[in-house]
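Step one of this worksheet: look at the structure below.
Reckoned from all heavy atoms, side chains included, excluding hydrogens, waters and symmetry mates.
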Amino acid sequence: MQPREELSREQIALSDPELWRAPEEVIEGAFVTLRREAPVSFHSEVALPPLVEAGPGYWALTKYADITHVSHDTDTFISGKGIAIWDFPPAMQELFHHLGFEDEPRHGRLRRIVSRAFTAGQINHLESVIAEEARRTVDAIIETGEVEFVSEVGGRLPVRIICELLGIPDEYHEPIYKQSGIAMQVADPSLLVGVGAEELQCKFMEILQAGNFLNELLHELVTERQRHPRDDIITTLMTAREDGESLTELEFRQFFMLLAIAGNETVRNALAHGMEALTRYPDQRQLWAGDVERYADSAANEIIRWATPVMHFRRTATRDAVIGGQEIKAGEKVVMFYRSGNRDEQVFDQPYRFDIARPIRPAHVAFGGPGRHYCMGAHLARKEIALMFSELLSRIPDIEMVGTPVRSPGNISHKVDELRCVFTPTVERVA
Ligand code: HEM
C-alpha cells in the first residue's frame, strides 16, 4: 500500500462523505498529510436537514501519542457526552446508550459486573466454540471453489460467539446478524448526508426499529430467565452476589446492544480486510500457510491493526487542555482517529507494510487506547481471527480474493460489504 497525498491540508474535510468514498490510498494519504502538517485539526460536523442541525465541530487527533494520551486521561476527556462524532437525536439516546458512554464511577461498577461474562473458564469454552465454528464454516464451502467471504465466512462467527457468550439460542442468530448491522448505522450520520427528507425519516425509523427489535428480543430472554433461572451468563449478570452488584434489566439490554454492535461488525470487517491483505501480499500468505500455528497470534494482531475496524471514537473535554500543542476548550469534542494512529510512522516501523510477524509492541490502538474503556473483547476478537484463518489456510491455502471488494463509505466503521474469493475445491473423505 502506497498512500497518495492527493489532497492538500486545506482540502481535507474529515466529515465529508466524499473523502470516505475515495480509494483507500487517498484516505491514507490524507492522514499522512494531517499527521505531518496538522496533527490536531478542527473539522465541521454534518447536518441532516430537516431532522438534525450540524453540531459545533470537533478536533481530530491523528498522532498515536495524542490518541493514547486522551484515551488514558478519562478525567479530562469523558465519554458521557457521546463517543460518536454527532450527539444522537433524543429518540435514539436511551435506546443506543451503553457502557461505552459511561464515566466513573458508574462505568467502573458496570464493567466489574459484566467482566463476569469474560472469566477464564468462559473464554476457554468460547475458544473451543470458535474452533468448531471455523471448522463448520470451512466444511460448508470447501467443495464449492468460490465464496462471498463477508456473508459466508466473516459474518457468522462473531454473531455465534456473542450469542454463545450470553447464552442466546441458535434461532436468534440470523435476526441479530441482520438487525445489528442496521442498528450500527446510528454511529455514522455521514452515511445519510444528501438523502432527501422523506428517505432520511425512513432511515431513522429503520435504525430505531432495529434497536427496538434487539431490545424486545432481550426483554423476552430476560423475562424467561427471571421465571426460570439457569446456570448461564444472563442469570449470572442479573443476580446479585455477596457484593450486592448486578445489572438491572435495562443495563443488561444495553450491554447486549453494545456487544451486538461492537463485537459483531468489527470482527466481520477485520476478517474481510485480512482476506484482502493476504491476497494482496501473497508472500505473507505463504509465510503464514507455511507455519499456521507459529504466526497465528502475531498475524491476527497485524490484521486488526491493518483493518482498524473502528476508525474513530470521540471524547469531550471537561476542562481547558492542551493536546499536541493545540489548546482545547472545556466542552469541545475531541475525536481519536485510531486508523491514523495505527499508521503513525513515528511509532510503527514501515506502517504501510502488512507484516504478519510484526512485534505486538508497541500496541496498536484498534481496540482503543490504553485506559478504562479498552475493548473487553480484544482477546476474543484476536482468537476469532487467528482460528478462522488457521482453519482456512490449513485446509484451503490457495483461497484468494477476486475482483475488487465492495466497500461501504462512512467514517466510523471500516466496512467491507462484499468480497468474492476463489480456491481449489476439495472433496474431503471421512476416513
Ligand atoms: C476486531 C474487533 C474489535 C474491535 C476493533 C473493537 C474495538 C473497540 C473499541 C475501539 C472500543 C472502545 C474503546 C474506547 O472507547 O476507548 C471497544 C470497546 C468495547 N468492546 Fe470491542 N472491539 C472488537 C471486538 C469486540 C468483541 C468481540 C467484543 C465482545 C465480545 C467487544 C466488546 C467490547 C466492550 C464490552 C467494550 C466497551 C468497553 C468499555 O467502554 O469499558 N469488542 N472495542
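For Q286, the CD atom is loosely surrounded, since the number of other residues' heavy atoms within 6.0 Å does not exceed 12. Other residues, nucleotides and ligands place more than 12 heavy atoms under 6.0 Å from the CD atom of E171.
Under the 6.0 Å distance and 45° angle rule, R305 counts as a cation-pi partner of F348. Relative to the six-membered ring of W288, R294 misses at least one condition, a distance below 6.0 Å or an angle of at most 45° to the axis.
R285 CZ to L287 CG: the interatomic distance, rounded to the nearest 0.5 Å, is 12.5 Å. Distance CG/D398 to OG1/T426: 7.5 Å, rounded to 0.5 Å. Taking OG of S408 as the reference point, atom CE of M184 lies at 10.5 Å (rounded to 0.5 Å). If you take CZ on R35 and CZ on F337, they are separated by 12.5 Å, rounding to the nearest 0.5 Å. For the atom pair L387 CG and R135 CZ, the distance stands at 10.0 Å (nearest 0.5 Å). In this structure, I12 CD1 and F31 CZ are separated by 8.5 Å, a value rounded to the nearest 0.5 Å.
Below 30°, between 30° and 60°, or above 60°: for Y58 and H43 the angle between ring planes is below 30°, a parallel geometry. W86 and F204 have perpendicular rings, their planes meeting at more than 60° on a 0 to 90° scale where under 30° would count as parallel.
Side-chain contact between M336 and H312 is absent, with no heavy atoms from C-beta onward closer than 4.5 Å. R315 has its side chain within reach of I83: a pair of non-hydrogen atoms, C-beta onward, lies under 4.5 Å apart. Side-chain contact between L271 and F389 is present, with heavy atoms from C-beta onward closer than 4.5 Å. The side-chain heavy atoms of E293 and S390, taken from C-beta on, include no pair separated by under 4.5 Å. With contacts defined as side-chain heavy-atom distances shorter than 4.5 Å, the pair Y295/Q284 does not qualify. In this structure, the side chains of I161 and V267 stay at 4.5 Å or more apart for every pair of heavy atoms. Side-chain contact between H414 and N269 is absent, with no heavy-atom pair separated by less than 4.5 Å. In this structure, the side chains of L34 and L14 come closer than 4.5 Å at one or more pairs of heavy atoms.
Of all non-hydrogen atoms in M311 and S413, the two that sit nearest each other are CE-O, 3.7 Å. The shortest non-hydrogen separation linking S15 to N411 is CA-ND2, 4.3 Å. Of all non-hydrogen atoms in L166 and I234, the two that sit nearest each other are O-CG1, 3.0 Å. Taking both residues in full, the closest heavy atoms of S246 and E251 are given as O-OE1, 3.9 Å, listed atom of the first, atom of the second, then distance. For the residue pair F423 and I399, the shortest heavy atom distance occurs at CB-CA, 3.6 Å. For D87 against K81, the heavy-atom pair with the smallest separation is OD1-O, 3.6 Å.
Between R339 and E24 there is a salt bridge, since at least one side-chain N of the basic residue sits less than 4.0 Å from a carboxylate O of the acidic one. Taking a cutoff of 4.0 Å between a charged side-chain nitrogen and a carboxylate oxygen, D139 and R395 qualify as a salt bridge.
Under the 3.5 Å distance criterion, the side-chain polar atoms of E148 are matched with a main-chain donor or acceptor of V150. In terms of modelled atom types and a separation under 3.5 Å, the side chain of S71 and the main chain of P370 share a donor-acceptor contact. With hydrogens and angles ignored, the 3.5 Å screen pairs no side-chain donor or acceptor of D417 with any backbone N or O of V406. Side chain of R116 to main chain of T236: a donor-acceptor pair is present (N/O by atom type, distance under 3.5 Å, no hydrogens or angles). Put simply, the side chain of R358 never gets that close to the backbone of N301: no donor and acceptor are under 3.5 Å apart. Looking at T308, its side chain never comes within 3.5 Å of a backbone N or O of A366 through a donor-acceptor pair.
For the ring pair (Phe, Tyr, Trp, His ring centres under 6.0 Å) test, residues two or more places apart in sequence or in another chain that qualify with F101 are F88, H97, H98. Qualifying salt bridge (charged side-chain N to carboxylate O under 4.0 Å, His left out) partners for R36, counting only residues two or more places apart in sequence or in other chains: E5.
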Requested in this report: Show your working on side-chain contact (heavy atoms from CB on, under 4.5 Å) between E133 and T137 and close with a plain yes or no.
Outcome: CA-CA 6 Å; E133 188 67 23; T137 304; 4.3 Å; yes

Query raised in the report: Is there a side-chain contact (heavy atoms from CB on, under 4.5 Å) between E102 and R111 once you walk through the steps?
Result: CA-CA 10 Å; E102 299 285 357; R111 195 157 161 135; over 6 Å; no

Query - Worked check of side-chain contact (heavy atoms from CB on, under 4.5 Å) between M388 and E384 - result: CA-CA 6 Å; M388 179 57 91; E384 289 183 55; over 6 Å; no

Report task. Evaluate salt bridge (Lys or Arg N to Asp or Glu O under 4.0 Å) for R156 paired with E174, printing each intermediate quantity in order. Result -> CA-CA 9 Å; R156 308 288 148 190; E174 187 66 33; 2.8 Å; yes

Query - Intermediate values then yes/no, side-chain contact (heavy atoms from CB on, under 4.5 Å), E6 and Q11 - result: CA-CA 9 Å; E6 287 182 1; Q11 288 171 320; over 6 Å; no

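Note on residues 119-132: pairs passing side-chain hydrogen bond (donor to acceptor under 3.5 Å, both in side chains), not counting sequence neighbours, are H125-E164, E127-H379, E132-R136, E132-R160.
When only modelled atom types and interatomic distance are considered, T235 and D232 share a side-chain donor-acceptor pair under 3.5 Å. In summary, the side chains of R372 and T74 do present a donor paired with an acceptor at a separation below 3.5 Å, with no hydrogens or angles considered.
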